[in-house]
Visitor: 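The structure's right below; bear with me while I get my questions together.
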Amino acid sequence: MSSNFDNALFFLVSTLFKLAMWVVILRIALQLVRADFYNPVSQLVWRLTQPVVGPVARVIPRYQRWDLASLAVLYVLALLYIQAVFAILSYRIAFLHTLWLAVLIGLSLTLMLMTFSIFVQAILSWLGPGVNNRAGSVLWSLNEPLLSRLRRVIPPISGIDLSPLAAILLLQVLYYLLPLHPVLR
């Protein structure tokens with residue numbers, strides 16, 4: 001195989017796995033924050049994940065507000081992602097190390113998704129402040145638990161809410177503190 005083919009394959013596999021894991025993370029997050037289930041965005045996430053999570057949910061029950069079946073699917077996807085990436089790159093990795101990396105990948109993708117959702121919410125607030133749209137309400141449901149805590153520490157200055165900026169900085173610092181292999185970032 002040529003280097004260009006390896007790079008293209010790595011990009012494709014990495015992107016598809018990360019998108020799949022992001023959708024599962026969204027499913028978990030939307031349930032945790034009790035977002036509007038009937039919102040079209042929530043429905044899309046539910047319908048995309050239900051074929052995989054549904055059968056697992058019959059075996060692994062929920063625990064309070066935690067969807068353990070979705071967490072299990074996310075973990076298995078992370079394990080498969082690690083194995084696929086290291087196989088493409090012809091690296092060897094110990095099984096126990098793979099188990100730990102899968103947890104770190106789940107955390108890193110969650111931090112990346114939260115950063116992205118806060119960024120998009122901030123942009124939407126600039127483009128149409130006070131406008132209510134379906135995606136904006138889901139983003140508000142996801143981000144408000146973190147942003148409201150930050151607003152208690154950082155009040156608006158001259159009417160400008162700086163909590164999204166502080167949240168993005170905090171999430172990025174946490175992301176870079178994770179001891180991930182550079183290939184998996």
Side-chain angles (χ1 to χ4, degrees), residues 9-88 93-121 124 133-149 167-168 171-172 174-175 178-181 183-185:
L9 183 63
F10 174 79
F11 170 77
L12 181 64
V13 167
S14 180
T15 301
L16 292 176
F17 268 105
K18 285 180 181 178
L19 287 174
M21 288 186 279
W22 272 358
V23 173
V24 175
I25 291 168
L26 267 176
R27 177 183 172 125
I28 295 165
L30 289 172
Q31 290 179 23
L32 280 175
V33 299
R34 296 184 179 168
D36 179 15
F37 179 75
Y38 296 103
N39 185 302
V41 176
S42 299
Q43 284 291 308
L44 174 67
V45 170
W46 181 265
R47 289 174 196 241
L48 287 174
T49 56
Q50 190 59 21
V52 178
V53 175
V56 177
R58 291 188 203 115
V59 178
I60 302 174
R62 295 179 57 86
Y63 177 72
Q64 296 177 357
R65 287 178 22 193
W66 288 93
D67 184 2
L68 297 180
S70 294
L71 282 171
V73 168
L74 176 63
Y75 192 70
V76 168
L77 280 172
L79 289 172
L80 292 173
Y81 168 65
I82 294 166
Q83 291 300 320
V85 165
F86 280 91
I88 291 169
I93 185 168
F95 182 69
L96 289 176
H97 193 65
T98 304
L99 297 176
W100 173 241
L101 275 178
V103 171
L104 292 176
I105 285 173
L107 289 173
S108 72
L109 288 175
T110 301
L111 292 171
M112 286 171 43
L113 183 65
M114 288 176 65
T115 301
F116 181 71
S117 69
I118 290 171
F119 179 75
V120 170
Q121 181 182 354
L124 284 176
N133 64 39
R134 293 175 175 144
S137 66
V138 168
L139 290 173
W140 187 87
S141 296
L142 284 173
N143 299 326
E144 194 56 26
L146 174 62
L147 295 178
S148 65
R149 286 184 178 92
I168 288 172
L171 292 169
Q172 286 298 290
L174 291 174
Y175 174 77
L178 290 176
L180 270 177
H181 192 283
V183 170
L184 299 174
R185 283 212 187 263

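Only this structure's heavy atoms are used, side chains among them; waters, hydrogens and symmetry mates stay out.
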Visitor: Using a 3.5 Å cut-off and no angle test, enumerate the donor-acceptor pairs between side-chain atoms of residues 19-36 and protein atoms at least two apart in sequence or in another chain.
Guide:
| from | atom 1 | to | atom 2 | distance (Å) |
| --- | --- | --- | --- | --- |
| Trp22 | NE1 | Leu109 | O | 3.2 |
| Arg27 | NE | Asp67 | OD2 | 3.3 |
| Arg27 | NE | Ser70 | OG | 3.1 |
| Arg27 | NH1 | Thr49 | OG1 | 2.8 |
| Arg27 | NH1 | Gln50 | OE1 | 3.1 |
| Arg27 | NH2 | Gln50 | OE1 | 3.2 |
| Gln31 | OE1 | Arg62 | NH1 | 2.6 |
| Gln31 | NE2 | Asp67 | OD2 | 3.3 |
| Asp36 | OD1 | Tyr38 | N | 3.1 |

Visitor: Between the side chain of Ser148 and the main-chain N/O of Pro145, is any donor-acceptor distance below 3.5 Å?
Guide: yes
Visitor: Return the CH2 to CZ distance between Trp100 and Phe95, rounded to the nearest 0.5 Å.
Guide: 15.5 Å
Visitor: Quick check: do Leu142 and Leu113 have side-chain heavy atoms less than 4.5 Å from each other?
Guide: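 Leu142 vs Leu113: side chains apart.
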Visitor: Can you check whether Val76 reaches Val56 side chain to side chain, under 4.5 Å on heavy atoms?
Guide: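 In short, these two side chains do not touch, never coming nearer than 4.5 Å.
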Visitor: Does OH in Tyr75 sit with more than 12 non-hydrogen atoms of other residues, nucleotides or ligands closer than 6.0 Å?
Guide: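 Yes - once you tally the heavy atoms of other residues, nucleotides and ligands closer than 6.0 Å, there are more than 12.
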Visitor: Applying side chain to side chain contact (heavy atoms under 4.5 Å, CB included) between Val138 and each of Val45, Asn143, Asn39, report the one that passes.
Guide: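 That would be Asn39.
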Visitor: Does any non-hydrogen side-chain atom of Thr115 lie less than 4.5 Å from one of Tyr175?
Guide: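 A side-chain contact is absent here, since even the closest heavy-atom pair is not under 4.5 Å.
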Visitor: Which heavy atom of Leu104 sits nearest a heavy atom of Pro179, and at what distance?
Guide: CD1-O, 3.5 Å
Visitor: With a 4.5 Å heavy-atom cut-off, do Ile105 and Lys18 have their side chains touching?
Guide: no
Visitor: Is the CZ atom of Arg65 crowded by more than 12 outside heavy atoms at less than 6.0 Å?
Guide: yes
Visitor: Please give me the minimum heavy-atom distance between Ala167 and Ile118, naming the atom from each residue.
Guide: CB-CD1, 3.7 Å
Visitor: To the nearest 0.5 Å, how far apart are CD1 in Ile82 and OG1 in Thr98?
Guide: 5.5 Å
Visitor: How far does CG of Leu171 sit from CZ of Phe116, to the nearest 0.5 angstrom?
Guide: 14.0 Å
Visitor: Between Ser42 and Phe37, what is the shortest heavy-atom contact and its length?
Guide: CB-O, 3.7 Å
Visitor: Check whether Ser117 reaches the backbone of Met114 with its side chain - one donor and one acceptor, N or O, closer than 3.5 Å.
Guide: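 It does hold such a pair.
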Visitor: Show every salt bridge (charged side-chain N to carboxylate O under 4.0 Å, His left out) that has at least one partner inside residues 139-149, sequence neighbours left out.
Guide: Glu144-Arg151
